[in-house]
Amino acid sequence: MNPHYDGFLADHYTWMFGAPYPALVEEQLDALRQAGVAEPNGTGLAVDLGCGSGFQSVALAKMGYPSVLAVDSSAKLLAELKLHTSDHPAIRAVHDDLSQVAAALPAGTAELAVCMGDTLTHLPDRRAVTQLFVDLYAALAPDGRLVLSFRDLTTSLTGTSRFIPVHADADSILTCFLEYEPDVVTVHDLLHQRTGQRDWTLSASSYRKLRIEPQWVADQLTEAGFRDVRQAPAPRRMTLVTATRQQP
């Protein structure tokens, strides 16, 4: 588990997107439809890897998937998700590492797997990414779909452009600062919070993200056996990559 989330970011995760929870669900509904995801017509199992507070999971339940496995390593984010599942009994929250869950899924049981919202770049290295694709290929039923969205961090920002305003309101300001290494970016989150009429406090935490190119991801999916691999823009300056499991 990345301690950055439960220890720092989880309390502000949904807030930092700058929109009400229902609007964020609709945003993901649009992204899933853009990816060609439609109503279930197979096993009915959708797996949301790195679900966070559940925007994709709720969107999948609203699309009619009878079983949605919502997987995240943050207990706080899963607790927030559960606040939104009373109308969606299809969603089952799983507190675990997404790679371990993907590896343990029974072969051919999932109709759809999604790993969205920049979750992919949180994996420890490129080898973990390629292994995830191999495991998901095995877990998906024939013609099952995989949907990824992630941020391309391969272009290095310089100087003050490395300071990225994330979200702010009257009482909180979240900014991130990026430090680049050959294979990873260290993201420093800086949160200013108002503690009085004039006083503010600063808290900070950091974590690392992989620098992976969309074409490299597409190539690894093809190598794992997927077909019909496609790339498209996704919300919030991310890249959408979709793929389909081959028929046996």
Side-chain angles (χ1 to χ4, degrees), residues 1-18 27 31 49-53 55-56 72-74 77 97-99 102 114-133 146-168 172-193 200-224 229-243:
M1 183 188 74
N2 187 336
H4 174 78
Y5 275 81
D6 263 4
F8 180 81
L9 196 59
D11 291 333
H12 317 285
Y13 180 81
T14 300
W15 166 85
M16 75 179 187
F17 285 89
E27 181 179 283
L49 298 172
C51 65
S53 57
F55 315 143
Q56 291 90 15
D72 205 278
S73 60
S74 169
L77 290 176
D97 176 81
L98 67 88
S99 294
V114 304
C115 185
M116 301 176 73
D118 213 20
T119 297
L120 201 61
T121 64
H122 288 77
L123 292 178
D125 51 39
R126 289 184 178 228
R127 185 180 304 173
V129 175
T130 57
Q131 185 61 51
L132 178 67
F133 295 163
L146 174 63
V147 180
L148 311 169
S149 69
F150 60 96
R151 187 164 284 113
D152 182 357
L153 299 170
T154 55
T155 300
S156 298
L157 301 176
T158 59
T160 57
S161 63
R162 294 175 296 164
F163 289 87
I164 312 295
V166 179
H167 186 56
S172 301
I173 303 169
L174 180 61
T175 306
C176 69
F177 171 71
L178 308 179
E179 284 188 298
Y180 292 88
E181 300 175 43
D183 297 320
V184 299
V185 178
T186 300
V187 181
H188 303 273
D189 281 337
L190 311 173
L191 180 66
H192 288 83
Q193 291 179 292
W200 293 75
T201 60
L202 170 65
S203 53
S205 183
S206 61
Y207 60 105
R208 295 175 15 137
K209 285 186 174 184
L210 290 177
R211 305 177 72 181
I212 49 177
E213 308 89 339
Q215 188 57 52
W216 179 84
V217 169
D219 291 343
Q220 299 309 304
L221 290 169
T222 301
E223 183 71 19
V229 180
R230 301 183 182 185
Q231 303 176 40
R236 301 180 184 270
R237 303 186 305 279
M238 294 192 190
T239 297
L240 186 71
V241 178
T242 60

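Residues satisfying the ring-ring contact (aromatic ring centres under 6.0 Å, His included) criterion with Y180, sequence neighbours excluded, are absent altogether.
To the nearest 0.5 angstrom, E213 atom CD is 10.0 Å from Q220 atom CD. To the nearest 0.5 Å, the span separating OG on S53 from CH2 on W15 amounts to 14.0 Å. To the nearest 0.5 Å, atom CG of residue L148 and atom CD1 of residue I212 are 8.5 Å apart. Atoms SG and CG, from C51 and L77 in turn, are 7.5 Å apart once rounded to the nearest 0.5 Å. Of the inter-residue distances, the one linking L178 atom CG with S206 atom OG reads 11.5 Å to the nearest 0.5 angstrom. Rounding to the nearest 0.5 Å gives a distance of 9.5 Å between CD1 of I164 and OG1 of T175.
Residue A243 comes nearest to L221 through the heavy atom pair CB-CD1, 4.2 Å, listed as atom of the first residue, atom of the second, then distance. Heavy atoms only, all atoms of each residue included: W200 and S172 are closest at CZ3-N, 4.2 Å. Nearest approach of Q56 to G117, heavy atoms of both residues: NE2-N, 4.2 Å. Heavy atoms only, all atoms of each residue included: H167 and G18 are closest at CE1-CA, 3.4 Å. In terms of heavy-atom proximity, S203 sits nearest to F8 at OG-CE1, 3.5 Å.
Contacts classified as side chain to side chain donor-acceptor pair (under 3.5 Å) and involving residues 231-241 (residues at least two apart or in different chains) are given here: E27-R236, Q215-Q231.
The closest side-chain heavy-atom distance from L123 to S99 is below 4.5 Å. Residues L174 and H12 fail the side-chain proximity criterion, which asks for heavy atoms closer than 4.5 Å. Within the 4.5 Å cutoff, side-chain heavy atoms of K209 are placed close to those of D118. Taking the side chain as every heavy atom from C-beta outward, L49 and T119 never approach each other to under 4.5 Å. Counting only heavy atoms from C-beta outward, the side chains of F150 and C115 never approach each other to under 4.5 Å. V241 places none of its side-chain heavy atoms less than 4.5 Å from the side chain of L120.
Of the possible donor and acceptor atoms, none in the side chain of R208 sits under 3.5 Å from a partner among the backbone N and O of T121. No side-chain donor-acceptor contact under 3.5 Å links T242 to the backbone of V147. No donor-acceptor pair closer than 3.5 Å links the side chain of R162 to the backbone N or O of F177.
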### Query
Passes side-chain hydrogen bond (donor to acceptor under 3.5 Å, both in side chains), T154 versus D152? Steps please.
CA-CA 6 Å; T154 55; D152 182 357; 2.5 Å; yes
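Taking the six-membered ring where the residue is Trp, H122 and Y207 present parallel rings, their angle staying beneath 30° rather than reaching 60°. Ring geometry for F55 against F17 counts as perpendicular: the plane angle is over 60°, on a 0 to 90° scale with 30° as the lower cut.
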Donor-acceptor contacts under 3.5 Å from residues 182-190 side chains, at least two apart:
unit_1	atom_1	unit_2	atom_2	d
H188	NE2	E179	OE1	2.7
D189	OD2	H4	NE2	2.9

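Counting non-hydrogen atoms of other residues, nucleotides and ligands closer than 6.0 Å to CD of E223 gives a total of 12 or fewer.
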